[in-house]
Amino acid sequence: MTDTPIPNRRRFLIGAGGALVAAPALANSGASPGNPANQPPKVPEWSQFLGDGVAVRAYGKPSEHEAHVIRRDVQWLTASRESSVSFTPIHALDGSITPNGLCFERHHAGIAEVDPVDHRLMIHGLVDKPLIFTMEDLMRLPRVNVPYFCECAANSGMEWRGAQLNGAQFTHGMVHCVMYTGTPLRLLLEMAGLKPNAEWLLLEGADAAAMTRSVPMQKALDDVLIAWRMNGEMLRPENGYPVRAVIPGWEANMWVKWLRRIAVGDRPWYHREETSKYTDLMADGNARKFTFVMDAKSVITSPSPQAPINHAGGFTVLSGLAWSGRGRIAGVDVSLDGGRNWQHARLDGPVWDKALTRFYFEFDWDGRPLLLQSRATDETGYVQPTKDALRAVRGENSIYHQNGIQTWHVAPSGEVENVEVS
Ligand code: MTE
Ligand code: CO
């Protein structure tokens with residue numbers, strides 16, 4: 001065994017895109033000295049006793065040391081938690097799949113606690129044969145597995161009027177990305193048989209809000225899923241158990257949870273949600289309507305206000321997320337100086353269609369203040385705009401569809417703050 005030559009230390013890490021990253025020289029960051037009794041040469045507590053056996057933790061949870069990695073809300077944003085939002089702790093996650101228990105939630109009337117045995121999904125209206133499905137019926141249909149991001153149209157909406165919330169979780173955490181299992185809505189519609197004038201659908205939830213949204217038929221037949229699983233397990237109650245609509249690339253408000261009814265019609269239904277809320281009020285008083293697609297966007301998740309740099313200069317990993325409702329992410333550029341100079345970030349992990357994509361940028365920090373920005377480009381060639389460029393076109397009245405470039409100021413101490421540069 002001792003004869004085996006120790007392989008040369010790997011000089012390079014190779015990213016998914018084939019990009020080379022020089023192996024860094026790292027010193028201990030020394031941010032938290034901890035308890036010397038548990039550190040070499042001492043034998044730590046956890047090496048001295050038997051631990052829990054199998055199945056003691058019948059449904060596994062993260063380590064107690066990760067208890068700070070949770071969804072959080074901003075209580076002054078809304079009057080009640082039943083009609084509010086919690087944010088994904090994107091600053092504390094990596095990769096591109098969101099753990100189920102950390103997916104942001106947005107409810108208009110709290111979480112519906114649906115019994116899957118009693119739950120029904122009805123399709124009616126301009127169809128040859130109205131249908132009512134039980135969950136068992138749905139789960140017997142052919143199914144597909146696809147990862148998609150789900151982003152509330154109001155994500156980053158507080159930032160229209162300037163830097164407001166101090167944390168990527170709060171500025172950009174109304175997004176999650178999980179692997180859905182479900183059946184294409186097209187199949188259900190084919191089973192019901194569409195009348196020639198069937199142009200729009202109304203989706204309705206079984207929560208006390210009976211939340212409804214109109215969806216154009218073309219989208220419904222293209223890639224909409226009726227999904228019952230996320231990341232392999234059944235949907236969480238918070239995210240629509242036992243069944244929700246998945247409307248890839250489009251604003252999350254349309255992803256009706258606890259889905260109980262699909263009405264087929266020849267025009268959109270005008271109702272409170274659409275007419276007064278999910279429109280974008282412009283400076284001239286006109287409102288943009290039917291702004292369904294979520295345009296390309298990105299954010300640096302670390303460093304960020306809740307994930308400061310905890311070492312004094314030297315090798316630093318910058319990381320973030322990019323996504324586009326129009327397809328795949330083609331590239332992400334990063335600036336360390338508030339948008340004057342840009343360099344390519346390294347995409348890492350799968351680059352899926354309409355899903356979160358992870359990027360990294362490794363650099364040597366000289367300890368001077370930084371103005372960090374990221375800028376996503378998608379496969380259509382669309383480039384994420386600056387916030388000022390967005391405002392020039394859309395004004396500042398809306399709280400929706402704010403996909404402008406985010407700036408984080410890094411102080412020499414490593415602390416990070418939400419700022420704006422122009
Ligand atoms: N569906 C129902 N039935 N009720 C709701 O309140 N909220 C919508 C949408 N679907 C909602 C709903 C909004 S505004 C968003 S942003 C997404 O669900 C959030 O999905 P999530 O809770 O799984 O993150
Ligand atoms: Co929403």
Side-chain angles (χ1 to χ4, degrees), residues 71-74 77-78 80-90 97-114 119-122 147-158 169-170 172-180 182 201-215 224-231 233-263 271-274 276-280 291-294 297 323 325 356 398-403:
R71 296 189 280 228
R72 293 177 193 276
D73 61 349
V74 176
L77 274 183
T78 47
S80 88
R81 283 190 152 169
E82 289 75 22
S83 180
S84 191
V85 57
S86 70
F87 299 87
T88 308
I90 51 173
I97 289 289
T98 315
N100 287 344
L102 295 177
C103 287
F104 86 94
E105 327 143 77
R106 167 84 174 98
H107 319 305
H108 288 75
I111 300 167
E113 302 287 357
V114 177
H119 186 69
R120 297 290 182 273
L121 172 60
M122 174 168 78
Y148 287 120
F149 79 80
C150 170
E151 184 187 18
C152 180
N155 197 24
S156 320
M158 292 299 294
Q169 177 168 23
F170 305 111
H172 289 74
M174 284 161 86
V175 68
H176 52 63
C177 182
V178 303
M179 172 80 74
Y180 291 99
L201 304 177
L202 181 79
L203 308 185
E204 182 184 77
D207 49 339
M211 220 210 68
T212 49
R213 275 302 297 258
S214 297
V215 177
V224 171
L225 296 181
I226 302 303
W228 51 85
R229 289 183 182 274
M230 56 201 285
N231 292 332
E233 64 179 5
M234 289 300 286
L235 294 177
R236 294 288 174 89
E238 302 92 296
N239 307 104
Y241 179 87
V243 62
R244 86 174 303 168
V246 168
I247 321 278
W250 287 22
E251 60 187 23
N253 184 255
M254 306 174 81
W255 299 42
V256 173
K257 305 190 278 190
W258 314 291
L259 183 67
R260 74 170 175 203
R261 188 164 74 95
I262 300 175
H271 56 88
R272 253 183 328 175
E273 281 301 333
E274 269 179 12
S276 69
K277 290 181 70 189
Y278 287 86
T279 55
D280 310 341
T291 48
F292 302 140
V293 180
M294 301 307 292
K297 187 164 171 179
W323 62 97
L356 295 187
S398 178
I399 57 158
Y400 297 121
H401 296 279
Q402 198 285 96
N403 66 321

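Along the sequence shown, the residues carry numbers beginning at 1. Note that ligands are numbered from 1 as they come in the structure, with each ligand's atoms numbered from 1 the same way. Fair warning: this is a prediction, and the values are worked out from it, not measured in the lab.
- Within ligand 1, the atoms closer than 4.0 Å to a non-hydrogen atom of Gly205 are 3 (N), numbered from 1 in the order shown.
- Panel note: side chain Arg260, backbone Glu204; no donor-acceptor pair is recorded below 3.5 Å.
- Nearest to atom 3 (N) of ligand 1 by heavy atom, out of Asp207, Asn239, Val246, is Asp207.
- Considering OG1 of Thr212 and CG of Asn253, their distance stands at 9.0 Å, rounded to 0.5 Å.
- In Asn253, the parts holding a heavy atom less than 4.0 Å from any atom of ligand 1 are both the side chain and the backbone.
- Using a 4.0 angstrom heavy-atom cutoff, Arg244 counts as in contact with ligand 1.
- Only backbone heavy atoms of Glu238 (N, CA, C or O) come within less than 4.0 Å of ligand 1; its side chain stays farther off.
- Atoms of ligand 1 lying under 4.0 Å from at least one heavy atom of Trp258, given by number and element, are 2 (C), 3 (N), 4 (N).
- Near His107, with a cut-off below 4.0 Å to any heavy atom, the atoms of ligand 1 are 6 (O).
- Close approach to Cys152 involves these atoms of ligand 1, each under 4.0 Å from a residue heavy atom: 16 (S).
- Looking at Ala109 next to ligand 1, no N or O pair under 3.5 Å apart turns up.
- For the pair Lys297 and Glu151, the salt-bridge criterion is met [side-chain N within less than 4.0 Å of a carboxylate O].
- For an aromatic pair to be called close, the ring centres must be under 6.0 Å apart, and Trp255 with Tyr180 satisfies this.
- Remark: ligand 1 atoms within the under-4.0 Å shell around heavy atoms of His108 are 5 (C), 6 (O), 7 (N), 11 (C), 14 (S).
- When the options Arg229, His176, Arg236, Glu233 are evaluated for a side-chain hydrogen bond (donor to acceptor under 3.5 Å, both in side chains) with Asn100, the one that passes is Glu233.
- Comparing heavy-atom distances from atom 13 (C) of ligand 1 across His176, Arg106, Arg71 singles out Arg106 as nearest.
- Looking only at side-chain heavy atoms (C-beta outward), Thr78 and Ser83 stay at 4.5 Å or farther from each other.
- For Arg244 and Asn239, the side-chain atoms include no donor-acceptor pair closer than 3.5 Å.
- At a heavy-atom cutoff of 4.0 Å, ligand 1 is contacted by the backbone of Trp255 but not by its side chain.
- The 12-atom threshold is exceeded at CZ of Arg120, counting heavy atoms of other residues, nucleotides or ligands nearer than 6.0 Å.
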